Protein chains: 2
Amino acid sequence: MRAIRNAERRLVGHALACPFQKESRGYFPVAIKSIVTAAFVIACLHAETGYDAWLRYRPIEGAAMARVRAALPAAIVALGDAEPEVAARGELIQGLRGMTGRTVRAEARIPRESAIVLGTLDELSRAAPQWNLHAQISEDAYWLNTVMDQGTRYIVVTASNPRGVLYGAFALLRKIATAEFANPIDERSTPYAPIRWVNQWDNLDGSIERGYGGRSIFWENQHARADLARVADYGRLLASVGINGCAINNVNANPRLLAPETIPEIARIAAVFRPWGVRVAIAVDFSSPKVLGGLGTFDPLDAGVAAWWKRKADELYRAIPNLAGFVLKADSEGRAGPSTYGRTHADAANVVARALAPHGGLLLYRGFVYDHHMDWRNPKNDRARAAYDNFHNLDGQFDSNVVIQIKNGPIDFQVREPASPLFAGLEKTNQAVELQITQEYVGQARHTVFLVPMWKETLDFDLHAGGAATPVKALAAGKTFHRPAGGFVGVANVGLDENWFGNHLSQANLYGFGRLAWNPDLSSRRIVEEWTRLTFGDNPKVDETVESIQLGSWRTYENYTGPLGLQTLTDITGNHYGVNVEASERNGWGQWHRADEKGVGMDRSTAAGTGYIGQYPPVVARAWESLATCPDDLLLFLHHVPYTYKLHNGKTVIQYLYDSHYQGAEEVAQYAQKWKTLAGLVDERRCREVLAQLEYQAGQAVVWRDAVTEWFHRASGIADALGRVGHYPGRFEAEAMRLDGYRVRDVVPAEDASGGKAVACAAAECSASLKYDGAAGWYTVRVQYFDQRDGVSHYRLRVAGQVIDEWEAALSLPTAKLDSTSSTRRVIRGVALRPGDEIRIEGRPDGGEPAALDYIEIAPENE
Amino acid sequence: MRAIRNAERRLVGHALACPFQKESRGYFPVAIKSIVTAAFVIACLHAETGYDAWLRYRPIEGAAMARVRAALPAAIVALGDAEPEVAARGELIQGLRGMTGRTVRAEARIPRESAIVLGTLDELSRAAPQWNLHAQISEDAYWLNTVMDQGTRYIVVTASNPRGVLYGAFALLRKIATAEFANPIDERSTPYAPIRWVNQWDNLDGSIERGYGGRSIFWENQHARADLARVADYGRLLASVGINGCAINNVNANPRLLAPETIPEIARIAAVFRPWGVRVAIAVDFSSPKVLGGLGTFDPLDAGVAAWWKRKADELYRAIPNLAGFVLKADSEGRAGPSTYGRTHADAANVVARALAPHGGLLLYRGFVYDHHMDWRNPKNDRARAAYDNFHNLDGQFDSNVVIQIKNGPIDFQVREPASPLFAGLEKTNQAVELQITQEYVGQARHTVFLVPMWKETLDFDLHAGGAATPVKALAAGKTFHRPAGGFVGVANVGLDENWFGNHLSQANLYGFGRLAWNPDLSSRRIVEEWTRLTFGDNPKVDETVESIQLGSWRTYENYTGPLGLQTLTDITGNHYGVNVEASERNGWGQWHRADEKGVGMDRSTAAGTGYIGQYPPVVARAWESLATCPDDLLLFLHHVPYTYKLHNGKTVIQYLYDSHYQGAEEVAQYAQKWKTLAGLVDERRCREVLAQLEYQAGQAVVWRDAVTEWFHRASGIADALGRVGHYPGRFEAEAMRLDGYRVRDVVPAEDASGGKAVACAAAECSASLKYDGAAGWYTVRVQYFDQRDGVSHYRLRVAGQVIDEWEAALSLPTAKLDSTSSTRRVIRGVALRPGDEIRIEGRPDGGEPAALDYIEIAPENE
């Protein structure tokens with residue numbers, strides 16, 4: 001009896017995996033609480049943590065419940081015993097139980113009553129030949145159908161393979177949850193491309209490169225984690241949106257991954273993913289034959305090297321027969337590659353691919369290859385050219401199981417980039433588009449940025465690579481040039497944080513990636529509507545608010561971090577998070593925007609610039625080459641113009657830079673305001689956590705706004721027509737206050753702090769104070785302070801001696817410096833000020849953190 | 001800076017004592033969450049735990065916020081520095097901050113702007129003589145007033161003593177929270193009686209006799225707890241409803257409490273209570289002079305004994321100058337008393353009281369004295385007579401600082417008792433009424449029973465002890481006979497459970513006790529309306545639902561546990577919790593109901609019975625002596641009648657017993673149903689926990705219903721006119737099922753289990769199964785099982801092989817037996833049954849718990 005099967009355990013999972021255990025007090029511990037969650041589903045709100053993401057299966061509300069109960073059968077049968085079919089049955093039982101409060105009957109065969117029937121077409125033709133169900137259904141596609149048999153109605157979920165049945169089950173559940181279920185039903189859905197993968201940049205030590213949701217769910221201390229429950233639940237999330245592959249380690253691969261002792265651990269992970277139809281892929285290091293295998297070389301044309309790869313692949317497939325393949329980053333950012341031996345990327349790719357081919361494995365070879373020691377003084381140098389320059393000439397030389405994995409833009413996941421010209425540059429080579437779900441350059445999940453609209457712009461962008469329309473999605477999927485493989489790869493980097501991403505709203509990016517990989521023709525609005533309803537329920541006010549925040553968030557982030565194609569003006573040589581306008585200049589990394597006192601932008605024209613525009617097919621190149629037809633959004637990515645240049649929208653570049661940053665910051669402030677109106681409509685914890693995130697983001701947007709506008713104001717010498725830049729009503733610089741123990745410090749870069757300076761405490765405790773001489777009234781006081789990662793300083797605000805607020809600088813922000821990354825805002829509302837009041841901030845340093853201050857602002861209460 | 005003052009710490013208490021620490025993940029740990037709770041009050045719902053009880057100070061909603069903000073000053077001043085005044089100022093700052101999002105200014109003196117001014121009348125006449133505020137205000141009373149001074153409006157909170165100021169501050173906050181605040185204001189409120197105490201029956205080892213909310217907040221391991229934060233917060237709760245004294249140890253007192261090493265610990269507790277105006281009292285053991293002091297005797301007339309008490313009192317008052325006094329339980333239930341030396345209770349009381357008198361201390365001498373070895377065969381014996389018999393003759397012999405503490409009824413906190421005749425039997429002696437807040441005989445906080453209506457019946461009951469009306473409240477308060485002391489004592493027994501009582505709704509009993517002790521003329525409805533609004537906010541549906549549950553709950557509990565004055569038919573020699581109809585019979589404890597095959601009830605008439613009725617003043621005695629005028633509710637307490645006796649309401653006694661038990665069980669089921677409609681309107685955790693409590697209670701009410709009705713059916717041989725008793729549609733006895741490993745066991749008493757039998761697992765795992773042969777459909781399955789305290793058994797329900805539900809028997813119920821206390825219900829909804837299905841319960845014993853089963857019931861889904 002202890003050995004109950006997995007599917008059964010899942011069935012009662014909600015009853016057993018009760019999250020309330022720690023709260024338990026008195027007489028009603030776990031068990032009776034689990035009654036509430038399991039046996040009385042239609043009752044008090046579940047305490048939401050975000051763990052369930054969009055697979056919450058909360059009770060259907062109101063009248064819809066009776067309708068759904070009436071429409072749904074009481075029985076379910078899975079005709080096959082393949083793991084994904086068993087998982088599909090379990091998921092339907094669990095989901096229907098959650099949504100309707102009823103446990104449908106798992107039958108061994110098709111019963112003589114209405115039932116949900118799960119099975120492949122083959123299984124159906126054996127079990128119910130009289131239904132005569134035949135169809136051409138491609139791999140992974142599903143068909144939801146209604147069959148009448150002697151007056152009995154069956155809901156059939158079928159496909160050509162078990163994974164397709166699982167996808168159909170999730171689709172059926174989604175329809176019920178979003179109130180789109182109708183009976184009878186007849187719906188087929190086919191994925192747009194075969195490759196629908198995520199990459200995890202997880203290191204074997206448990207860290208995740210560019211991961212913002214906690215440590216690895218796969219690895220810890222050089223081994224697969226003992227408890228892989230999170231991997232199973234991740235597989236479930238992935239399957240629910242049709243993702244069928246996952247690379248489980250960093251593309252900057254540790255050779256140890258291929259060591260014999262690691263392979264059983266990969267197999268363990270693969271087994272946990274298997275019920276969910278997610279195949280494991282691994283990232284490999286190209287020098288493995290030498291550094292791991294002990295050969296004298298890793299030259300791809302060396303026969304011993306080829307044999308080593310073959311033996312290694314055989315060994316892997318013996319342990320993991322359904323391994324999806326490899327991901328390979330070579331000759332990029334210091335990784336070993338074929339250049340060591342003067343070989344080509346095709347040589348490198350093919351030697352590995354040939355080892356995988358007998359097993360049906362794919363090699364995803366990353367197109368992200370560039371020189372990061374470029375001479376910035378040469379105006380012809382251009383990192384944006386690199387992918388095309390490196391791979392275009394090799395088109396046709398790659399084996400048929402090689403797929404070039406191309407980032408959406410030519411640089412590196414910036415907030416705004418044109419579609420990579422390489423999509424149009426490969427006609428005889430498989431390709432896949434690489435999108436970044438983890439928000440490396442777009443707020444690192446501390447900011448809400450819904451990326452689907454950005455991805456859609458790239459995927460829908462017509463590169464005019466052929467006669468008919470050739471949007472990037474068609475090129476990447478292999479449709480344009482009829483390639484055997486192709487598709488979508490998302491860099492996900494979920495972690496052990498309870499909500500997977502560290503930000504509830506960021507979950508929408510994983511959902512959206514999966515939905516787009518399945519069907520890139522879905523609109524951003526459709527995707528966000530589905531996600532919101534599944535994630536937050538069907539309260540119209542909640543849905544409208546969440547959707548409007550999500551849909552506007554990318555443009556908003558662009559507005560305050562670098563519009564007009566400037567890319568993100570972040571610290572590109574550092575944490576990729578805070579603002580540092582000059583970080584991209586005068587170094588070899590090639591993310592130059594060329595801003596100086598006269599103008600701004602990177603001239604990539606064919607006529608006078610780097611020639612990058614010439615990599616595009618003529619229709620695109622023509623439009624972009626001319627300032628007259630170049631879109632404003634890409635202007636400074638493609639051209640260098642004076643600050644006074646007039647945009648199509650009539651504004652000068654400099655005024656647009658000012659305006660957009662102020663607008664962006666104001667938009668985030670509005671997000672927080674809007675969110676507050678959802679109090680009582682969103683469950684408590686997510687309501688609080690999202691509000692905390694948006695309030696934090698609102699503070700950061702002001703830091704960005706001020707830094708970027710100050711920098712360009714100083715560079716251009718042109719005043720803001722609206723008089724905002726450099727003028728901050730109600731702001732009092734810390735360095736101008738009466739300081740006791742605090743010392744003035746220059747902040748680098750200067751634009752990262754107001755006035756270029758901050759004060760840091762050089763004693764055990766310090767204070768900064770000023771005498772208030774404004775009008776009596778109720779005010780909001782904002783304290784801009786620095787929350788570094790190397791300590792938890794303590795702050796206190798006193799007014800006329802009275803403690804009004806206390807807080808700690810306890811965030812985990814990626815800096816140990818006084819800069820825009822650590823610059824953080826505390827907003828204290830409802831403060832009564834009177835003329836003559838002393839306003840005093842008291843700071844107590846901790847660790848390396850000196851309780852530093854930038855400024856305070858005093859604003860009328862309702863501002 | 002570390003040494004910030006208490007009042008200030010309280011001010012920012014919400015920001016620092018953030019309950020979300022454990023949830024923290026990712027970037028937004030404690031600090032940013034505390035922003036949400038402190039700096040942005042008007043936003044997402046606070047996660048409620050019940051800890052704050054009715055002092056939540058949540059933001060005022062909607063339009064009322066602007067109104068309150070406009071009406072309230074921005075400044076506050078406390079004119080005196082007495083601890084309760086400083087606490088009052090801190091409470092107002094905290095409360096207004098919570099409710100309005102604004103921090104009012106603590107000024108050192110009356111400012112030249114609108115302010116809240118706190119101070120005694122003396123302080124006011126010194127600080128603002130021009131206001132000319134004079135009034136006769138008695139101790140602890142408060143006066144909320146508005147003063148205009150040169151066009152400036154001041155809200156004055158004044159009193160004759162600092163504690164009164166504190167009470168005024170809480171009253172002002174309550175008015176704001178319940179939307180009853182108006183400016184200008186002029187309101188005086190005077191407490192009904194000087195003694196407004198709670199007793200805690202806490203043992204020095206940390207256990208609490210009859211405590212249902214966890215272990216002691218005062219004691220642990222023979223010492224005062226190191227962390228007394230809970231005591232401070234308890235003091236705050238007590239002060240908020242005007243309670244001014246607390247006895248901090250069990251009336252069954254440990255002599256060690258008076259040991260020299262314990263006294264500093266009492267002083268520590270007293271210091272923590274002091275800001276809240278709560279004076280500590282202690283329960284003492286009468287044999288202390290001998291067992292602790294080493295004297296040869298504790299004879300109250302011995303001079304050495306008197307001197308010992310005097311020295312001990314002096315020692316105590318040196319350490320605790322504001323000690324309220326002693327509580328003494330003597331010659332009761334095995335406690336030492338004056339009878340050892342043939343002395344009277346007056347002798348005993350006076351020797352102790354005289355030691356306290358010089359310090360102004362009171363002795364609360366318990367009237368709960370009776371013989372628990374009475375011969376049950378003597379029809380004249382009657383425990384109900386005991387208090388009157390023991391104390392009436394001593395009237396006038398007690399010193400003026402002695403107060404006889406009299407339980408509301410003559411027995412012991414049963415669900416229904418007449419008012420004790422002793423209230424009318426003492427004219428020259430101080431008295432206080434003892435009410436039990438902890439629910440010893442009324443569900444032990446596992447059942448919701450709001451006791452204010454019960455207390456009101458006693459307090460408002462006119463004993464006709466004099467010419468004018470003499471309700472119990474007036475007698476107890478000393479008003480009727482103009483006694484110097486008198487009042488109200490509540491046995492509270494709160495514990496370390498986060499919500500103090502183990503049941504959120506039980507908090508209303510402490511609130512109600514305090515409000516009644518202040519003003520017993522308040523209606524039950526008024527009290528529950530205040531409490532509900534403060535505790536759950538001002539949603540009309542929530543308020544109406546909570547109020548209707550609370551107001552009906554006492555009668556409901558009576559309905560299913562023993563109506564018509566039967567008292568509670570509980571296991572009175574055991575845990576006082578489960579049902580055991582015969583437990584009260586044939587033993588010396590004297591709670592006899594004399595039920596046999598012919599009739600039921602205790603003849604306490606003067607004419608033929610015990611003469612108890614004759615202890616009452618003539619008007620009352622006359623009414624009760626006659627069956628014609630005896631109220632139905634007390635019938636069986638006062639008279640023995642045949643089962644066929646017709647009540648005033650026209651029903652026979654036996655049919656009323658049947659009907660009331662079915663009605664009571666149905667009422668609790670409705671409570672749970674009603675509560676479910678509050679999903680989304682009540683915060684998540686309290687919504688879940690109250691629902692769990694009500695669902696559990698609904699199951700227990702069925703156990704009671706069945707046991708009592710079965711017992712009387714068997715005794716009387718009279719059938720239920722509605723055919724319910726003994727007939728349970730859809731019920732299948734476990735002992736009649738196919739058993740694998742389970743063994744049939746007799747349950748004692750037989751009425752505690754359906755059919756008198758249960759099955760207990762005698763193997764590692766067992767199963768009980770049956771073949772379902774009803775109609776196909778959706779059903780609710782109820783499993784009645786036994787959850788004992790000595791193990792956590794595991795259960796599983798399978799239908800046709802499929803696991804439908806799993807749960808654990810993990811409650812903490814006070815029994816290790818198969819009986820009505822352990823009998824527990826699991827309700828599994830949404831089960832699809834088909835003819836021929838095997839329904840199987842699988843049980844896995846644990847510890848001493850044999851995974852026992854009583855029966856299952858199959859009911860249509862919507863029943």
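Just so you know, these numbers come straight off a predicted model, no measurement behind them.
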Does a sphere of radius 6.0 Å around CD in B:Q673 hold more than 12 heavy atoms from other residues, nucleotides or ligands, not counting ones at 6.0 Å or beyond? yes
Note: B:E684 and A:A47 closest approach over all heavy atoms is OE1-CA, 3.4 Å
Structural part of A:V799 lying under 4.5 Å from a heavy atom of chain B: side chain
Interatomic spacing from SG in A:C44 to CD in B:E689 - rounded to 0.5 Å: 10.0 Å
Does the pair A:E861 and B:R69 meet the rule for a salt bridge (charged side-chain N to carboxylate O under 4.0 Å, His left out), with working shown? CA-CA 12 Å; A:E861 187 178 39; B:R69 282 185 167 197; 3.4 Å; yes
Under 4.5 Å heavy-atom distance to chain A, tell me which part of B:L694 shows up: side chain, backbone, both or neither. neither
So, does A:R97 use its side chain to make a donor-acceptor pair with the main chain of B:I804 at under 3.5 Å? yes
Tell me, for B:D837 versus chain A, whether the close heavy atoms (under 4.5 Å) come from the side chain, the backbone, both or neither. side chain
At a heavy-atom separation under 4.5 Å, does A:E107 approach chain B through its side chain, its backbone, both, or neither? neither
Which region of B:R834, side chain (C-beta onward) or backbone (N, CA, C, O), has a non-hydrogen atom less than 4.5 Å from a non-hydrogen atom of chain A, or is it both or neither? both
Among B:A776, B:A832, B:P111, which residue forms the greatest number of heavy-atom pairs with chain A at distances under 4.5 Å? B:A832
Residue pair B:Q802 / A:I93: nearest heavy atoms and the distance that separates them: NE2-CD1, 3.6 Å
Is it the case that the side chain of B:R102 and the backbone of A:W778 share a donor-acceptor pair, with hydrogens and angles ignored and the cut-off at 3.5 Å? no
Which atoms form the tightest heavy-atom contact between A:R105 and B:A800, and what is the distance? NH2-CB, 4.0 Å
Measure distances from A:L833 to the heavy atoms of chain B and classify the residue's part below 4.5 Å as side chain, backbone, both or neither. backbone
